[in-house]
Amino acid sequence: MSPEAHSAPRSLAEALRARDDASLAALLRSRPDLITPVPTDLTQLATRAGTRASVLRALERLDRFALQTAEALAVAPDPASYDTLLGLMAGDAGDETVARALPRAVATLREQALVWGDDERLRLVRTARELLAPSPQHPSPTGLGPTVQEATSGMSPGRIQEIVTTAGLPSTHDSVSAVAALTGLFTHRRKMAKLLAGAPEAAREVLSRLVWGPPYGQVTADPAAHLRWLLDRGLLLPTAPGTVVLPREVALHLREGRAHRAPEPLPPAVAPAATHSPQVVDATAAGQAYTALATVEELLKDWDEGGPAVLRAGGLSVRDLKRTAVALDVSEPVAAFWAELAYAAGLIASDGEADERYAATPAYDEWLELPPAERWARLARAWLAATRTPGLVGGRDAKDRTLSALGPGLDRSAAPEVRHRVLSLLAALPQGAAPDAESVLARLRWERPLRGGQRDGARDDDLRSRLARWTLSEAELLGVTGRGALSSQGRALLGAPAAPGAPATPGADSAEPTGPGDKLPVHHHRAPERLAPLSPAEQGVAAAAAARLLAPLLPEPLDHVLLQADLTAVAPGPLRRPLADMLGVLADVESKGGATVYRFTPASVRRALDAGRTAADLHAFLAEHSRTPVPQPLAYLIDDVARRHGHLRVGAASAYVRCDDDALLNEILADKRAAALRLRRLAPTVLAAPADPATLLEGLRAMGYAPAAESAEGDVLITRAHAHRTPPRTAPEPVPDGPPPPDATLLTAAIRAIRAGDLAATTPRKPVGEPLAGGELPRTSAAETLATMQAAVLTGDSVWIGYVNAEGAASQRVIAPIRVEGGFVTAYDHTADEVRTFPLHRITGVAELADD
């Protein structure tokens, strides 16, 4: 170790300067806001690391014990030794568990640049101390109050001397020494025990109520005798009229040296609530995955020709959400989840028309052509990365407006991190183990106590806890988990290794890498409960692996149905797409579940005929795809509807009806239900109406007829189901939780630039004229600059320059000139670690570096 490493740093910048590149990279990776943009040198990096916003963000990412350690340092002397900190955390008795965990917590705080200095002089950065230290406006989480010195800062010298004398100490000549003597008494365990032994019982009871906080209490102008006893000896000190405080040193003595009532050095374990067979878990999850695909398809099919209108403020109306929930046969929160999932996957969007409505996107048609397992993987991947939070639907925003499905205000940047963390905790359990939800929430609160918003865990209304609960339920709906346990495809989706001793999953062989470019992103070097989020490329590979694991577990689509005599057809499983599409036109879905029941009606048969099918086509279709003979009632129904279909013709007159059978037209005219159509006879075989053809068609169909529309040329118009699509749309981008973590390339470039800038800022140089203030650029004339550059080329020395680029940004650099010609200097730039050319007119000045 170098001699410099042994010397204590005098500032955070010096502490950062002593770090190696790996340590700096760890800091920048954990606090990416520090390189947005890249600082010019380590001094600027240290300044940025001490800003309030950056420190608060870093504190929010500490686990409970690391945060407790920082809180203890905030009430310790500045600087504090490691032994002092250990005493505050482990107490006088010395908690071995705390003692073993403390080095890790201190190392975390050092790595985050929240603490600097060696073990003899640990310093919490000033901003963190201001945030965590106790004050009347912001009580410390430790429950401690101000020190004796802070509490007596406004007290008269005479009163301080009275307290010292009453406490049994000799009087002093000044207040400073009196406060020091009182502090020494309160921090001396044996002397304090002797002092408190003579306290009245009621006085000790008052101290016991204040010892763990809050340390403030109220007294009257004429306090009781036991309170007067405490006030006279400084065990309670006045802070304002009628208010007293328990000094920090007294509280620590009563606490036996502990800063926290209950240190939590170890994370709470995630307890299994039930254990199932891995095969049962995977099969259950696969069933849920199939249901998820069917539900999303049903939702999009319901919106195929244009879905609900978009509210003026964006999103679905409450009525449309209820209608969607009824159509999907689910609750409204679940319907909101499916709509948001399809939106996150880029399958639905607003069409952007004047009468704006939601509709399927062109990506939906591409999605439908994928194999079922790949369709599921795309949904699961979108869910895992989405920041939109369906669980908030129906709640209120900051302006007390209702949050609507697909509307604004649903993004929560913490959602992807919480989802990934919850699933990672499930992945750490044995295969087939379903966790106890409360233990998962307790673990999350320990890992992010500040972000959770509750320190004691007594309440469960913080965002992270709600996100975790929603994650557990949504993962079950989607088939990532089965019976509460993480499935094999869920593990693959995370890039987690299979649980030790897990039995082989059907189709697992097919999930093995098939080539050098198809490597599964399994991070074997990480503990399962600490799986890091995957990069976008790794996410794609993981989703493909999950799809391969799921594919053998999904039911094989069928190419047949079972026709029954009661005009129904039973599909005993999922149907192949062409069969399902045609059957959806020819019949109505009566019930869903493990087997889908379709019912044939005159209206449904007419719908198939309107779509261009003939009676012969329908008979052939049913005969081909039914495992049972086509029942006579169904054949009669098709023939009967086909016989009447198109017998009447409707065209534009505004609309007309023509028929070769004038008796049928007489029957229509005589029907009272036709009065609203205002029909009149134009010819023995033609009736006219002022209504448009579509209205006339609907009116005659409501009367029980089966008319067909015809073109101006007299041909029958074939009405085919058409799908309304939005223009090409991209899926909504997740809202990041602060700057994204830098990749290895950016980290390497940033550290190199910071090191080079720091070299330029700290390298000793010869004075140039008047001494320069810190950060001021050197100023020399053009002739002096040129002469110094030419001399440096001859000697091969490096020089220090001030430089202003084309955008007007000024910087200082250390360069080694190579060539000077044509008004330009070609030099090796230590800041950029490359050879660059600098225009001489942009160099503000130059100075030679000092010889040492």
Side-chain angles (χ1 to χ4, degrees), residues 72-81 83-84 87-88 92 121 129-130 133-137 139-140 142-200 202-204 206-211 213-259:
L73 277 172
V75 297
D78 185 29
S81 67
D83 291 338
T84 301
L88 288 171
D92 294 344
R121 298 177 63 83
R129 178 174 288 273
E130 292 171 356
S135 68
Q137 296 77 23
S140 169
T142 62
L144 293 170
T147 63
V148 172
Q149 181 180 355
E150 294 167 347
T152 58
S153 59
M155 191 176 292
S156 67
R159 177 58 183 153
I160 295 176
Q161 293 295 339
E162 289 177 6
I163 292 175
V164 168
T165 303
T166 307
L169 298 173
S171 60
T172 64
H173 298 289
D174 58 87
S175 298
V176 174
S177 58
V179 169
L182 197 60
T183 302
L185 169 64
F186 291 165
T187 54
H188 195 287
R189 294 288 188 263
R190 184 175 53 80
K191 292 180 180 179
M192 268 296 285
K194 181 179 179 181
L195 176 64
L196 292 175
R204 287 198 292 269
V206 170
L207 294 178
S208 67
R209 290 201 301 267
L210 299 178
V211 64
Y216 295 91
Q218 302 296 319
V219 296
T220 62
D222 185 17
H226 64 281
L227 293 176
R228 172 59 61 190
W229 191 93
L230 295 172
L231 288 167
D232 288 345
R233 289 156 181 79
L235 298 174
L236 290 180
L237 292 172
T239 59
T243 303
V244 294
V245 66
L246 181 68
R248 186 181 306 171
E249 293 85 353
V250 177
L252 286 173
H253 173 81
L254 296 171
R255 296 179 179 194
E256 297 181 344
R258 287 182 294 161

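Numbering starts at 1 and runs along the sequence shown. No experiment lies behind these values; they were computed from the predicted model shown.
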**Asked** Under the side-chain hydrogen bond (donor to acceptor under 3.5 Å, both in side chains) test, which residues partner D78, sequence neighbours left out?
**Response** none
**Request:** Identify the heavy atoms of L195 and A167 that sit nearest to each other, and give their distance.
**Result:** CD1-O, 4.4 Å
**Fill in**
With sequence neighbours left out, the residues meeting salt bridge (Lys or Arg N to Asp or Glu O under 4.0 Å) with E249 are none
**Prompt:** Applying the side chain to side chain contact (heavy atoms under 4.5 Å, CB included) test to V179, which of V148, D174, T172 qualifies?
**Reply:** V148
**Complete:** Closest non-hydrogen contact found for T166 with D232 is CB-O, 3.4 Å
**Item:** side-chain contact (heavy atoms from CB on, under 4.5 Å) evaluation trace for L196 with L207
**Value:** CA-CA 10 Å; L196 292 175; L207 294 178; 3.8 Å; yes
**Message:** Is it true that, when you exclude R121 itself, more than 12 heavy atoms of the residues, nucleotides or ligands shown sit nearer than 6.0 Å to its CZ?
**Reply:** no
**Item:** Side-chain heavy-atom pair S135, E130 within 4.5 angstrom cut-off
**Value:** no
**Message:** Quick check on Q161: does its CD atom have over 12 non-hydrogen neighbours (other residues, nucleotides or ligands) under 6.0 Å away?
**Reply:** yes
**Prompt:** Is it the case that more than 12 heavy atoms not belonging to E256 sit under 6.0 Å from its CD atom?
**Reply:** no
**Prompt:** For I163, which of L231, T152, L182 qualifies under side chain to side chain contact (heavy atoms under 4.5 Å, CB included)?
**Reply:** L182
**Request:** Start with the C-alpha distance between T243 and Q218, add both sets of side-chain angles, then the distance that settles side-chain contact (heavy atoms from CB on, under 4.5 Å), and finish with yes or no.
**Result:** CA-CA 5 Å; T243 303; Q218 302 296 319; 3.5 Å; yes
**Message:** So, using salt bridge (Lys or Arg N to Asp or Glu O under 4.0 Å) as the criterion, who are the partners of E162 when residues are at least two apart?
**Reply:** R159
